[in-house]
Amino acid sequence: MLNYSLNDPYKKITTPLKKLLQQSNSLVSKLLIQGKYYYDVTITNDEVIQDINNKYRHIDKPTDVISFAFHDATSIKTPLLGEIFINYQDAKRQTEQTYEYNMVLLFVHGLLHLLSFDHNNQMNAKKMFSLQKKIMLKLNLPK
């Protein structure tokens with residue numbers, strides 16, 4: 001079971017993302033995660049996410065989404081999975097899909113990171129992006 005807290009100071013949360021957050025338990029059950037876990041989602045902007053990116057990743061530029069997992073890749077030792085920071089300004093800039101679609105995609109990407117998926121090498125990237133694509137297709141959102 002997943003519970004979340006949402007911090008949206010810019011009031012940029014989208015209806016599809018809000019619905020997905022409320023239904024994240026069904027999403028996670030498909031990923032075979034058992035137990036009761038918590039995570040935080042913060043909607044942020046270029047300036048804030050650039051500061052986070054610089055401070056923790058030493059990359060002084062904005063990015064689309066950053067996740068901080070509170071466990072290691074082999075086992076979950078705490079009921080707090082971590083935090084997801086979604087840059088709504090970046091989601092607006094991505095013009096291939098709708099803003100709503102991009103916000104959901106960034107959330108799914110961030111949640112997969114919290115669940116120990118990564119794209120740090122070709123094999124892991126293939127696995128993560130394949131699962132991300134399957135989830136997005138299953139959600140059947142307008143692009």
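The chain is numbered in sequence order, starting from 1. Quantities reported herein were computed from a predicted structural model and do not represent experimental measurements.
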Tyr38/Leu81 under side-chain contact (heavy atoms from CB on, under 4.5 Å): CA gap, chis, key distance, verdict: CA-CA 6 Å; Tyr38 304 87; Leu81 288 177; over 6 Å; no
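- Partners of Asp64 according to the side-chain hydrogen bond (donor to acceptor under 3.5 Å, both in side chains) rule, which considers only residues two or more places apart in sequence or in another chain, do not exist here.
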Test side-chain contact (heavy atoms from CB on, under 4.5 Å) applied to Lys127 and Gln122, step by step: CA-CA 9 Å; Lys127 198 184 303 185; Gln122 191 173 5; over 6 Å; no
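- Under a 3.5 Å cut-off, the side chain of Asn54 and the backbone N or O of His58 do not form any donor-acceptor pair.
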side-chain contact (heavy atoms from CB on, under 4.5 Å) evaluation trace for Leu112 with Gln132: CA-CA 8 Å; Leu112 288 175; Gln132 179 177 292; 3.8 Å; yes
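- By the 4.5 Å heavy-atom criterion applied to side chains, Lys92 and Lys12 are counted as neighbours.
- Note: Asn102 CG to Gln94 CD = 6.0 Å, rounded to the nearest 0.5 Å.
- Using a 4.5 Å heavy-atom threshold, the side chains of Leu114 and Ile84 count as touching.
- A donor-acceptor pair under 3.5 Å is formed between the side chain of His113 and the backbone N or O of Phe117.
- Aromatic ring centres of Phe68 and Tyr56: separated by under 6.0 Å.
- Atoms OG and CZ, from Ser67 and Phe85 in turn, are 9.5 Å apart once rounded to the nearest 0.5 Å.
- Side-chain contact between Leu139 and Leu20: present, with at least one pair of heavy atoms (C-beta onward) separated by less than 4.5 Å.
- Shown here are the ring-ring contact (aromatic ring centres under 6.0 Å, His included) partners of Tyr10, two or more places apart in sequence or in another chain: Tyr88.
- The hydrophobic cluster containing Ile66 also contains Leu6, counting ILVMFWY residues as joined when their side-chain heavy atoms lie under 4.5 angstrom apart, directly or transitively.
- In terms of the side-chain contact (heavy atoms from CB on, under 4.5 Å) criterion, residue partners of Gln89 (sequence neighbours excluded) are, by chain and number, Asn45, Asp46, Asn87, Arg93.
- Rounding to the nearest 0.5 Å gives a distance of 12.5 Å between OH of Tyr4 and CG of Leu111.
- In this structure the side chain of Ile43 never reaches within 4.5 angstrom of the side chain of Asn7, judged on heavy atoms.
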side-chain contact (heavy atoms from CB on, under 4.5 Å) between Asn121 and Asn124, intermediate numbers included: CA-CA 5 Å; Asn121 62 47; Asn124 288 345; 3.3 Å; yes
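- For the atom pair CG of Asn120 and CE of Met128, the computed distance is 10.0 Å after rounding to the nearest 0.5 Å.
- Here the OG1-CD1 distance, from Thr44 to Ile52, works out to 5.5 Å after rounding to the nearest 0.5 Å.
- The side-chain contact (heavy atoms from CB on, under 4.5 Å) search around Asn140 returns none, not counting sequence neighbours.
- Partners of Thr14 according to the side-chain contact (heavy atoms from CB on, under 4.5 Å) rule, which considers only residues two or more places apart in sequence or in another chain, are Pro16, Leu17, Tyr99, Glu100, Met103.
- Looking at residues two or more places apart in sequence or on another chain, you find no side-chain contact (heavy atoms from CB on, under 4.5 Å) involving Lys55.
- Rounded to the nearest 0.5 Å, atoms NZ (Lys133) and CE (Met136) are 12.0 Å apart.
- A distance-only check finds a donor-acceptor pair linking the side chain of Asn53 to the backbone of Lys61 [under 3.5 Å].
- Just one of Val41, Ile86, Asp8 meets the side-chain contact (heavy atoms from CB on, under 4.5 Å) condition when paired with Ile13; it is Asp8.
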